[in-house]
Structure formats: C-alpha cells, structure tokens
Amino acid sequence: MRPVRVRTVAAAVAGLALLSGCGSAGGLESTGEAPSAVGPARLWPDLPPASAAPYDYGEGETARIPGITVPGDDVHRLDPVTVAQAGLKARTKRDSGLDELPDATVRQIRDCRTAPGDCPVLTPYYFDLTGDGRDELVIGVRLPERQLAVRAYRADEGVLTRIMSTVDAVISVELAGRDLILRAPSVISGYEYRTAWSWDDRQQAMLATRDEILRVPERRGERTAPTPTAPAPTAPAPEGSRPAPSGSPTALAPSETPTAASSAAASSAAASWAAGGR
C-alpha cells in the first residue's frame with residue numbers, strides 16, 4: 001500500500017500547485033464545477049427479488065463422454081467422429097434437453113463410417129480454452145436449417161468431459177484470446193449477435209459470459225455493387241471430371257487424421273480479428 005500512498009500525496013501536491021497558479025498570467029482557468037457522478041437508481045425497490053431462474057438454458061452443463069479414454073490427456077489423439085458418436089450416449093447432470101440433436105442428425109452421426117459423405121461432423125480444432133497449458137477439442141456439427149452445434153471437450157486424468165454445448169445459426173465461430181466468439185445474424189438489419197464463451201474455473205465449464213447485439217460497421221465499397229464483367233473463356237473440363245469444391249465447411253471423413261495445422265491457421269486469423277475488432 002505504501003507506493004499507492006506516495007503517488008496519492010504526490011498527486012495532491014501537484015494539484016495544489018496547479019490551483020495556486022489559476023488566475024495568474026498564462027495560468028489555468030476554471031471551467032466550473034465538474035458534474036457529480038450519479039449511481040444507478042433502483043426501480044420498484046419494493047418488488048421482491050427472484051430466487052430461481054424461470055427457464056433452464058443449459059448454462060454450465062457438463063457431461064462425461066462414456067467409452068472414451070484419453071492417453072496422456074492429449075485430445076489430439078482422439079478421433080472426432082468417435083467422440084461425436086460416443087457423445088450421443090452422454091448424460092448431463094442437469095437435463096435441460098438443450099444438448100440434444102435432431103433425429104436426422106443423430107442418424108447421420110451414427111452412419112459416419114458407412115456414409116462419410118453425409119457425416120455432419122466438421123474438421124476439429126484444438127485450443128487451450130482453460131489456460132492449463134493443454135489443448136481442448138472443439139467440434140462443430142452441421143444441423144438442418146443452416147444451424148451449427150458447437151461443442152468443446154476437456155481431458156483430465158484420462159477422462160473426456162464435454163464442457164460446452166450450444167446451437168445457433170452462426171455467421172462465424174472465432175477464437176479471441178481463450179474465448180470462443182459466436183456471431184449470429186439478427187432480425188434487425190445491420191446488426192448481429194455476438195456471444196463470448198469463456199472458461200469458468202468454479203463451474204469447470206464454458207459459460208456465455210457476454211451476449212450482446214452490435215451494429216455491424218459498413219465497409220467501404222459495400223454500398224456500391226461492382227460492375228458485372230464478362231467472364232473470361234475457360235477451357236472445357238475433361239470428361240468425367242468433377243468441379244472444384246466451394247469454400248463452404250466440409251465434413252470430416254472418418255479416415256482423416258486431425259492435425260494441428262488447421263488450428264494454427266485458425267488461431268492466427270482469430271488473433272488478427274481480436275486485435276482489430278475487440
């Protein structure tokens with residue numbers, strides 16, 4: 001506490017020196033009294049406070065994934081399709097029902113081995129969301145109506161636990177620091193929702209610590225549509241060849257081995273977003 005007191009005394013002496021110079025030639029002039037700080041005023045103070053939430057939104061729910069053992073607590077060694085399939089049998093301690101998937105999606109997950117083209121499990125990512133120095137596993141599952149289920153898993157003493165489960169129609173999912181940011185469209189034109197999921201050590205789960213609606217800044221050139229130009233002639237594709245895939249998210253085939261390269265690229269992109277957009 002001593003350094004703070006020293007700084008306080010020094011600031012007081014400097015303030016007196018400034019006040020003593022007010023009114024002198026070339027000195028400071030008073031602009032009047034500063035407005036008083038006004039604290040929040042409570043409305044309806046006689047209204048009894050609520051003691052329980054009216055709805056269970058599933059916040060803080062966790063579930064141990066049955067049949068999964070994590071050697072060395074290294075989630076990189078897990079097959080995300082196997083994790084998604086085992087997660088269908090997981091049960092949360094508090095059953096809100098919000099972690100349940102549509103029946104059609106459940107069937108697709110179960111058939112990922114026999115019908116990999118219809119597998120809704122996307123490429124996994126690996127981030128240290130808890131700050132313990134070990135990566136967590138983040139899985140996305142495509143749902144009907146362009147929705148996405150985002151789930152995060154943590155390994156501890158060989159046991160795999162789901163620490164986050166949410167569903168939304170997302171614009172994007174991004175990493176900022178150790179927070180997962182979900183951007184979702186709003187019914188108000190020019191606005192979007194942004195929800196930040198952060199690790200809570202007390203609950204041992206990812207919680208939606210910030211949920212806000214923000215105006216989307218217009219970028220230069222977005223108001224004016226580009227002038228259409230005739231496409232350049234291209235050589236015909238060889239017979240029997242397939243067109244190049246689009247940039248939409250691709251499902252993870254069961255035979256694919258998760259790598260850290262995609263995670264590094266995502267972390268770099270998210271870091272640049274965090275530096276410029278937050």
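Fair warning: this is a prediction, and the values are worked out from it, not measured in the lab.
Atom CG of residue Asp132 and atom CG of residue Asp156 lie 8.0 Å apart, to the nearest 0.5 angstrom. One finds the NE2 atom of His76 at 9.0 Å from the CG atom of Leu137 (value rounded to the nearest 0.5 Å). Going from atom CD of Gln204 over to atom CH2 of Trp199 covers 4.0 Å, rounded to the nearest 0.5 Å. One finds the CD1 atom of Ile181 at 8.0 Å from the CG atom of Leu175 (value rounded to the nearest 0.5 Å). Taken to the nearest 0.5 Å, the CG atom of Asp46 stands 8.5 Å off from the CZ atom of Arg42. Note that the CG atom of Leu180 and the CD atom of Glu174 stand 10.5 Å from one another [nearest 0.5 Å].
Here the shortest heavy-atom pairing between Arg142 and Cys119 reads NH2-O, 3.4 Å. Residues Glu136 and Leu129 approach most closely at OE1-N, 2.8 Å, considering heavy atoms. Contact between Thr130 and Arg178 at its shortest, heavy atoms only, is C-NE, 3.9 Å. The shortest non-hydrogen separation linking Thr69 to Leu78 is O-CD2, 3.9 Å. Between Leu88 and Leu101, the closest heavy-atom pair is CD2-CD1, 4.2 Å. Across all their heavy atoms, Ala184 and Ile171 have their closest contact at C-CD1, 3.8 Å.
Side-chain heavy atoms closer than 4.5 Å link hydrophobic residues (I, L, V, M, F, W, Y) into clusters, and following such links, possibly through other members, connects Tyr193 to Tyr191. Taking hydrophobic clusters as Ile, Leu, Val, Met, Phe, Trp and Tyr residues chained together by side-chain heavy-atom distances below 4.5 Å, Ile188 does not share a cluster with Leu214. Clustering ILVMFWY residues whenever any of their side-chain heavy atoms sit less than 4.5 angstrom apart, transitively, puts Leu182 in a cluster other than the one holding Leu207. Hydrophobic clustering of Ile, Leu, Val, Met, Phe, Trp and Tyr side chains at less than 4.5 Å, counting indirect connections, unites Val106 with Ile65.
A distance-only check finds a donor-acceptor pair linking the side chain of Arg134 to the backbone of Ala155 [under 3.5 Å]. Under a 3.5 Å cut-off, the side chain of Thr161 and the backbone N or O of Ile163 do not form any donor-acceptor pair. Between the side chain of Asp73 and the main chain of Gly158, a donor-acceptor pair closer than 3.5 Å is present. When atom types are taken as modelled, the side chain of Gln85 and the backbone of Ile109 share a donor-acceptor pair closer than 3.5 angstrom. At least one donor-acceptor pair under 3.5 Å links the side chain of Asp128 to the backbone N or O of Gly133. Checking side-chain atoms of Asp168 against main-chain N and O of Val170 turns up no donor-acceptor pair under 3.5 Å.
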Worked verdict on Leu122 versus Leu148 for side-chain contact (heavy atoms from CB on, under 4.5 Å): CA-CA 10 Å; Leu122 302 180; Leu148 182 70; 3.8 Å; yes

For Met164 and Val150, run side-chain contact (heavy atoms from CB on, under 4.5 Å): C-alpha distance rounded to whole Å, both residues' side-chain angles, the deciding distance at 0.1 Å, then the answer. CA-CA 8 Å; Met164 172 186 170; Val150 180; 4.0 Å; yes

Could you check Arg64 against Val159 for side-chain contact (heavy atoms from CB on, under 4.5 Å), going step by step and ending with a plain yes or no? CA-CA 7 Å; Arg64 179 174 177 175; Val159 175; 3.4 Å; yes

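With hydrogens and angles left out, the side-chain atoms of Thr82 and Arg113 include a donor and acceptor closer than 3.5 Å.
Tyr153 has its side chain out of reach of Val75: every pair of non-hydrogen atoms, C-beta onward, lies at least 4.5 Å apart.
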